[in-house]
K.L.:
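Before we start, here is the structure in question, set down as structure tokens.
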Amino acid sequence: MERPTPAVKLNRAGLSKNDYVGSPSTLCKGCGHNSVASQLIQIAYELDLRPQEIIKLSGIGCSSKSPAYFLGQSHGFNSLHGRMPSLGTGALVANHAVRAIGISGDGDTGSIGLGQFKHMLRRNVRMVYIVENNGVYGLTKGQFSATSDEGAKLKYAGTNPFPGIDICMEALVAGAGFVARTFAGDAKQVREVIKAGLSYRGTAVIDIISPCVAFNDEPDSRHSYAYGREHEQALQEVGFIPAQEEIYIDDYDPGTTQVVELHDGSRMTLRKLEADFDQADRLAGMARLERANAAGELLTGIVYYDDRRPNFAELSELGETPLSMLPDAKLRPSADQLQAFLAGYA
Amino acid sequence: MRVNDFSIVVATANGTGSQTANLTLLRSFFKMGIPVHGKNIFPSNIQGLPTWYHIRVNKDGYIARKPSELLVAFNPATLHEDVATLPSGGVVVHNLDLHLKPERADLTYYPVPVKQLLAGVEVKGKIKEYIANMTYVGVVAHLLGVPLDVIEEALEHHFGKRRKLVDSNLEVVRLAHAWAVENLVKTDEFKVEPMNATAGLIMMTGNEAGALGAVFGGASVSGWYPITPSTSFIDALREYLGKLRHDVDGRPTYVVIQAEDELAAIGMVVGAGWAGARAVTATSGPGLSLMAEFLGLAYYAEVPAVVWDIQRVGPSTGLPTRTSQGDVAFAYYLGHGDTKQVLLFPSSIEECFEFGYRAHDLADALQTPVLVLSDLDLGMNNWMGEPFVYPDAPLNRGKVLSAEEVAALPDFGRYKDVDGDGVPYRTLPGNENPRAAWFGRGTGHDENARYSERADHWVQNMDRLARKFETARAMVPTAVSDERPGAELGIIAYGTTRYAIEEARDLLAANGVVTDFMRVRALPIGAEVRDFVARHERLVVIEMNRDAQLTAILRDELPEHAAKLKPIAYLDGMPLTAAWVAERLAAHLGE
């Protein structure tokens, strides 16, 4: 007798959660980026998104690999270092009916990509722009990134003498209408913020602090990179990567702080924005970020929200049909039009 | 008398509004039915540095640059040098206020009292300065015999419906003309007479023609960044799209974005190409170098993109306003690793228009970037041409699978060589089939676009890309040749050098030296180029760059003939002259 197969729960798009997964991750075990990918899978399932409506875009780096690990039925493009914003702008101009999830990293956005990042915000293309921010270069094994804290110490890079670039502050200065910061281990907040970002009509910047398990480690630890190097002969090209558990934190109240222990044993203080914080006040957002930074706290939540600016497709007065779907007759003017036009050059 | 056969140079300072006067003269000859071409030789400067406008009038249709016989000397800074360049029998129309002494007895001098002529004209300030140039139009019209109603027609063309501007400029022309009739006794031999050689022709710049071609190629997205001499391409593109590409509800069916730099400009083009829109950008050498990484990615990820490189003299900023063919090798191998790009070489406004739309067909059909290598001379100057022929074939969107087509396949592999031509099938974002999605990337990938570092996957993929390039060989515009019985030399060239070469061949033929000529119109080369090279024992390749870039590419592709291919390099930033070509060819044959 045949056993009944357990019913797979389908969402209103008729899809199971499994329909939203991507290829297996090649990132380190315990990397916060994987947790962001799994939240994106959950969100897409919960919001009944059709994978065909989504495009996934990224630049270069550990973070930029991650679009391959969620929404395997969505088109995606892993482009060039820091230049996903321009690629995304072109793609969204060609097809403004799709929604874009852009995944970048702190090296990708904060260094070569800073210009494109800020210009994309000026244009306000419709994209959820996630920066998986770990303050370190992972793929090239442990250099400081532009967002590394001043005074931060790394085994091979030494002490960082420069102040870090604050992604949220840059977004606010560039005129972004949706600016948020969250922590990869705070699954609930990550989900809430990304869902809000997906409903935003312009560029939604979400800076997700996502600690690196491989390069923020203690040199005297058995699981350190230094230890790994000593034993490298037997290992893969990427060297020794410590297996770590992903960091999860429990929900905590607005206005309160929570201390999180990172993989290397260091601690990070998260502060969730106060419930009465005015998210419509850009200057207040900057001031609040500044205060949190001065206090050594990582402020999380939606720092600024303003939906009044038209997005780029609206500004371009694009019609309903995406440019990429226009029939040939609408792409090529007629022979009569050519003739009439050339008469002006006779 | 020398009727309809001479060259004029107008020497002014940059930014003095002389372009209106120059173009009025140019178009007047054109409207009289006389073959004509003008070249603006200008400095990289907004205002003040010397600029020269060369007009070649030739009843037989030769329009290459030719050292000038008539000089309009309105620039004090170069007055004596300019006069010194004239051949014996030349003419100097000079601004009397510059106090030029007529020191050469072999020239004819016509002083024009510009200040005096303008005294009665009721315009002030900057406009008066601009309009002063129209005085030479009036004087030259009288000396050469251009009817004033033709000048008026040319001004109407230039200013469109702005009648006030037509009238104010025409007033100065009439004043100067009347003064010349009254005061100048013509003693030179140059004159024009109406003929019928331009009837039905059009006149426009190469950048305008290329932009119009892009519009008829269905270009819908352009990301760009200003750089001379390509900017006027996008200016024209935006203007033409604005006139020709709106939906029934009046909404634009295009977007033109001024990017923050060339890195972003090409990113937008590649993004749009990936998403399924036809996209184009225009740049020049320095901009192309910034686009290199993205174009390498587009080659490897197999995304269509069209780039117009309006070449100028490099390296680096080089001579930003002078013409060159110096980007050929760089553009051909653009990208790191093993890359080869499809290049098109237009030589006329007709080809700019044709390649303008064909570039998009090729890019889509081959799923690869296509670079159109024009140059400053072609791009920014006005050229005569036949009215453009409406594209005879529908848009070729290449191998794009719909949701239904994907459903009908047992499987969809983005990079599978299903047809054996190296060109895979693609799907566009938004395709409803759940199996249609693929992940574009610059990293190693298998036939299903999945990340792979496997050696066999890499080799298969690169071999297929090489096979695709072989497919391109048969799809790109073929080279055109003119072969004559008894030829003792084969000439190979591309782009705008053709005009000087064609004239030089006739000069040599008049002396009994017969040559064959093949004009390459694209890379990779087709079989016809190989055959031409094989058929000739003596061959020269004429190029406007120092290092014989096409010669090197031909030698690489045709190693068995490498020793036969002799380069002739020309690289001073000025358009080629027939005299130079004829002299070099004669010297080569004498070797």
K.L.:
Heavy-atom distances under 4.5 Å only: say whether His246(B) touches chain A with side chain, backbone, both or neither.
P.N.:
neither

K.L.:
To the nearest 0.5 Å, what is the distance between OH on Tyr345(A) and CD1 on Ile202(B)?
P.N.:
9.0 Å

K.L.:
Checking Lys56(A) against Phe77(A): charged group under 6.0 Å from the ring centre and within 45 degrees of the axis?
P.N.:
no

K.L.:
In terms of heavy-atom pairs under 4.5 Å with chain B, which of Ala91(A), Ser316(A), Gly76(A) leads?
P.N.:
Gly76(A)

K.L.:
What part of Asn382(B) gets closer than 4.5 Å to chain A, counting heavy atoms only: side chain, backbone, both or neither?
P.N.:
neither

K.L.:
Measure Arg441(B) against the heavy atoms of chain A and call it side chain, backbone, both or neither at under 4.5 Å.
P.N.:
both

K.L.:
Could you grab the distance from atom CG of Leu212(B) to atom CE of Met204(B), nearest 0.5 Å is fine?
P.N.:
5.5 Å

K.L.:
Is the closest side-chain heavy-atom distance between Thr427(B) and Val400(B) below 4.5 Å?
P.N.:
no

K.L.:
Select, from Thr89(A), Leu80(A), Leu92(A), the one with the greatest count of heavy-atom pairs under 4.5 Å involving chain B.
P.N.:
Leu80(A)

K.L.:
Using heavy-atom distances under 4.5 Å, tell me whether Arg122(A) contacts chain B through its side chain, its backbone, both, or neither.
P.N.:
neither

K.L.:
With the side chain counted from C-beta on, respond yes when Arg426(B) and Pro304(B) share a heavy-atom pair under 4.5 Å apart, and no when they do not.
P.N.:
yes

K.L.:
Chain A heavy atoms under 4.5 Å from Asp249(B): which part of the residue, side chain, backbone, both or neither?
P.N.:
neither

K.L.:
Ser74(A) versus chain B, heavy atoms under 4.5 Å apart: side chain, backbone, both or neither?
P.N.:
backbone

K.L.:
Between Tyr451(B) and Phe439(B), does the ring centroid distance fall short of 6.0 Å?
P.N.:
no

K.L.:
Heavy atom to heavy atom, less than 4.5 Å: which residues from residues 295-303 of chain B reach chain A?
P.N.:
Leu297(B), Ala301(B), Val303(B)

K.L.:
Relative to chain A, which segment of Arg278(B) carries a heavy atom at a distance below 4.5 Å: side chain, backbone, both, or neither?
P.N.:
neither

K.L.:
Using non-hydrogen atoms and a 4.5 Å limit, figure out which bit of Val255(B) sits close to chain A: side chain, backbone, both or neither.
P.N.:
both

K.L.:
Pick from Gly319(A), Ala335(A), Ala94(A): which one has the most heavy-atom pairs with chain B under 4.5 Å?
P.N.:
Ala335(A)

K.L.:
Of all of Gly442(B), Pro387(B), Ala436(B), Pro391(B), which one pairs up most often with chain A through heavy atoms under 4.5 Å apart?
P.N.:
Pro391(B)

K.L.:
Distance alone, cut at 3.5 Å: any donor-acceptor contact between the side chains of Asp446(B) and Ser452(B)?
P.N.:
no

K.L.:
Against chain B, label Met84(A) side chain, backbone, both or neither, depending on which of its atoms sit under 4.5 Å from a heavy atom there.
P.N.:
neither

K.L.:
Working to the nearest 0.5 Å, report the span between CG of Leu49(A) and CG of Asp19(A).
P.N.:
13.0 Å

K.L.:
Between Tyr254(B) and chain A, with a heavy-atom cut-off of 4.5 Å, which part of the residue counts as in contact: side chain, backbone, both or neither?
P.N.:
backbone

K.L.:
Measure Pro51(A) against the heavy atoms of chain B and call it side chain, backbone, both or neither at under 4.5 Å.
P.N.:
neither

K.L.:
Would you compute the distance between atom CE of Met127(A) and atom CD1 of Ile55(A) and round it to the nearest 0.5 angstrom?
P.N.:
7.0 Å

K.L.:
Can a cation-pi geometry be assigned to Lys9(A) and Tyr45(A), taking NZ or CZ under 6.0 Å from the six-membered ring centre and within 45° of the ring axis?
P.N.:
no

K.L.:
List for me each residue that meets salt bridge (Lys or Arg N to Asp or Glu O under 4.0 Å) alongside Asp392(B), sequence neighbours excluded, and say none if there are none.
P.N.:
none

K.L.:
For chain A, find which of Pro434(B), Gly218(B), Ala275(B) contributes the most heavy-atom pairs closer than 4.5 angstrom.
P.N.:
Pro434(B)

K.L.:
Between Arg435(B) and chain A, with a heavy-atom cut-off of 4.5 Å, which part of the residue counts as in contact: side chain, backbone, both or neither?
P.N.:
neither

K.L.:
So do the side chains of Arg50(A) and Glu432(B) get within less than 4.5 Å of each other, counting heavy atoms only?
P.N.:
yes

K.L.:
For the residue pair Asn448(B) and Trp438(B), establish whether any side-chain heavy-atom pair is separated by less than 4.5 Å.
P.N.:
no

K.L.:
Given a strict heavy-atom distance threshold of 4.5 Å, which part of Ile60(A) is in contact with chain B: side chain, backbone, both, or neither?
P.N.:
neither

K.L.:
I'd like to know which of Gln337(A), Arg123(A), Gln339(A) tops the heavy-atom pair count under 4.5 Å against chain B.
P.N.:
Arg123(A)

K.L.:
Has Arg332(A) got its NZ or CZ under 6.0 Å from the middle of the six-membered ring of Tyr357(B), at an angle within 45 degrees of the ring axis?
P.N.:
yes

K.L.:
Heavy atoms, side chains only, cut-off 4.5 Å: are Asn396(B) and His360(B) in contact?
P.N.:
no

K.L.:
Could you check which of Met384(B), Met268(B), Lys243(B) has the highest count of heavy-atom pairs closer than 4.5 Å to chain A?
P.N.:
Met268(B)

K.L.:
For chain B, which candidate among Thr321(A), Leu338(A), Leu342(A) shows the most heavy-atom pairs at distances under 4.5 Å?
P.N.:
Leu338(A)

K.L.:
Is Ala264(B) close to chain A through its backbone or its side chain, or both, or neither, when contacts mean heavy atoms under 4.5 Å?
P.N.:
both

K.L.:
In terms of heavy-atom pairs under 4.5 Å, which option from Ser58(A), Gly115(A), Gly82(A), Ser79(A) contacts chain B the most?
P.N.:
Ser79(A)

K.L.:
Quick check against the 3.5 Å criterion: does Ser63(A) have a side-chain atom that pairs as donor or acceptor with the backbone of Ser104(A)?
P.N.:
yes

K.L.:
Less than 4.5 Å to any heavy atom of chain B: does that hold for the side chain of Glu53(A), its backbone, both, or neither?
P.N.:
neither

K.L.:
Given heavy-atom pairs under 4.5 angstrom as the criterion, report whether the side chain, backbone, both or neither of Pro67(A) touches chain B.
P.N.:
both

K.L.:
Side-chain contact test, heavy atoms from C-beta onward, threshold under 4.5 Å: evaluate it for Leu27(A) versus Tyr69(A) and give yes or no.
P.N.:
yes

K.L.:
Side-chain contact test, heavy atoms from C-beta onward, threshold under 4.5 Å: evaluate it for Leu428(B) versus Met325(A) and give yes or no.
P.N.:
no

